[in-house]
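Side-chain atoms are counted along with the backbone in the values below, which use heavy atoms only and exclude waters and symmetry mates.
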Amino acid sequence: MGIIFHESTKTFHLFNDTISYIMMVLENGHLGQLYCGKTIRDREDFSHLLEVYSRVMSPSIYDDRHFSLENIKQEYPVYGSSDFRHPAIEVLQENGSYISDFVYQSHQIMKGKPVLKGLPATYVEEDAEADTLIVTLKDELTGVVLELSYTIFAESGVIARNARVVNEGEKTVFLNRVMSLSLDLPDCDYDWIQLSGAWARERNPITRKLTKGVQAVESMRGHSSAQQNPFMMLKRPSTDEFKGEAMGFSFVYSGNFQIQAEVDAYEVTRVLVGIHPEHFCWKLEQGCSFQSPEAVMVYSDQGLNGVSQTFHKLYRHRLARGIWRDQARPILINNWEATYFDFTEEKLLKIASKAKECGVELFVLDDGWFGKRTHERAGLGDWVVNPDRLACGIDGLSEKIEALGLKFGLWFEPEMVNKDSDLYREHPDWILSVPGRHASQGRFQYVLDFSRKEVVDRIYEMMSKILRESRLSYIKWDMNRSITECFSNGYPADQQGEIFHRYILGVYDLYERLTSEFPHVLFESCASGGARFDPGMLYYAPQAWTSDDTDAVERVKIQYGTSMCYPISSIGSHVSITPNHQLNRNTPLHTRANVAYFGTFGYELDLNQLTEEELEEVKEQIQFMKKYRDIIQDGTFYRLQSPFDCSDAAWMVVSHDQKTAIIGWYRTLNRVNESYTRIYPKGLNPEFCYKNSITGVSAYGDELMYAGMSTSDSSSGADMPEIKELMGEDYASRVYVLSAE
């Protein structure tokens, strides 16, 4: 790993064993992009990779017509000075001009990785883990300075990017766009993959051919959203899950975003990642600076799984933080689908007692414990216990739960308020709303103005008081609506374009305060399930409630798509009641668990309502998860068979020592007189002989990976009544454990 600057050619080369990233200072002082891809050996001069040709109708910087930014691959482009493509930065000046000319001034190469103040970002624990390059450019006319930061990690094809803008001029400017990453690629021979959906069907992979024009994923909802995730992958047409080149782009941010690919007339592809420029306008006064969030790019020639595994390892160990980062997550039970708002302390203790009997480790009290919150129209914002519901308070209930031998967790929705609340009656101006205009409600709630410090302070005071006075081990942080009427009463007119971003900074500030003061507490983020499942949240909360949809069949799709970027340890996954509360579908208890194993695992039901036979099955499920959760949550994950391609799906996790592999196999609908079926495991040691936990058959790793492993059952004519797992049925599933003998 290293970063080399060749003075004679003004060329930068960032490289490790996986990736090379090469750029140079152009003759006009801008930065040009030369190469991004598989590692190549270093040399003094890469200038032959720069293509500078005169084209008809292209305006030129110089009189000889050869140098037009329209036809040059750039590193951080500006619109309007011979480049007509979308820019990475746009600075509005006092005279109304948007034209800037950022020219190379200097650079700095350092070991390690600087911290982004007030923002989530990947990090290192030892300087040897990464090298960082900071290139400083300046627009002489305005005095605006641009600092581009590049961090290359030692062990994989990861480059983290961000931009910082400093106003060293004498006049105020406005930033209308500051992207975190820009990358010009020499061709467009890629398939584009995005993760799209909606509530209860989040993060479904969508693949299409990259072609001329602009395509993007984006959110303008005030949060990263269930509709589009801040992630995109480009793959070569021949690339599949296991082989071929691919690049992933992920935005470490939780607010409005845009990830865009623009293919020009000459099939050059420009990728932009950053805060959505729509409704963004940052007032940058003299001496002030603006820091963009981090964007992470991953390159792999080992297929889509190669990109995903790189993200998994990075985000699991160098984005998530705190004592829970490397610990196995507790098996929990949440009361929401068991009781909704209809609970008493007695009912909660009864649920907790049965859960403890089955082996559960953590009891979570969801919505309805505070203020006048007996329904969804009241109470949000009043984070004090309702004594009519819990006479002994949260502190008393938490003591009783711990006396049962369980840890105790609690639900909050700190960013929202109901109008029927003491907080709103005291501070009606604390919601995001436009004076004189109607304020839209969502689920009878309004968004608190977290761009204002006094609002964040008040919520912090109430939450921290509960945390100090009670025995809390877990917080579920919910956020149940998008931002409408984004206007703050705390800022002047020329700063209203900052509110979306300042709101997210306020969320991060509250998270930082609470996680710093209460480091023992495990935080789980939630936004109506998966509407803010993004890397920014993982920095503060190492796991997220993946979706409100707990149906096992739909969860296979949701968790499959989520794994494109996010580690299994971040995927909140529970066994819920049937008929399922979202789809009214009945699925076998073992299938619900077989899906939920591949996440943090827990239960979303009242175990007292199960039969004795079902309770014994639950106890076996919990024992299985406790035995294998370290491998599942920290092993190497492979997608084997997509639920979007056929009715069968499969994935697997392999332990770091390759001695244990756990395979999840799922079938939506049974078939009659079916063909034989098999899957092809990955990541096994060819020299190890593995025993199959279901069939008892032993085979070497090379045989399993190359000849495959049979998944045929009674639908294919298998007559093995002694193996109940091989009986075909609708919503069938199996978990195979392959153990090295």
Once ring-ring contact (aromatic ring centres under 6.0 Å, His included) is applied, what residue pairs with a partner in [range] remain, sequence neighbours excluded?
| range | result |
| --- | --- |
| residues 653-672 | W651-Y666 |
| residues 695-715 | none |
| residues 530-569 | Y508-Y540, Y511-Y540, F533-Y566, W545-H574 |

Please name all residues satisfying salt bridge (charged side-chain N to carboxylate O under 4.0 Å, His left out) with [X], sequence neighbours left out, ordered by chain then number.
| X | answer |
| --- | --- |
| K356 | none |
| R513 | D457, D509 |
| D240 | K243 |
| D713 | R667, R734 |

Taking only residues two or more places apart in sequence or in another chain, which ones pass ring pair (Phe, Tyr, Trp, His ring centres under 6.0 Å) with W199?
-> none

With sequence neighbours excluded, residues passing side-chain hydrogen bond (donor to acceptor under 3.5 Å, both in side chains) with S693 = none

Does K627 have any side-chain hydrogen bond (donor to acceptor under 3.5 Å, both in side chains) partners at least two apart in sequence or in another chain, and if so, which?
-> none

Scan for side chain to side chain donor-acceptor pair (under 3.5 Å) pairs involving residues 594-603, sequence neighbours excluded, and state none if there are none.
-> N594-S733, Y603-Q621

Considering residues at least two apart in sequence or located in another chain, which fulfil the side-chain contact (heavy atoms from CB on, under 4.5 Å) criterion with C565?
-> F231, S250, F311, Y315

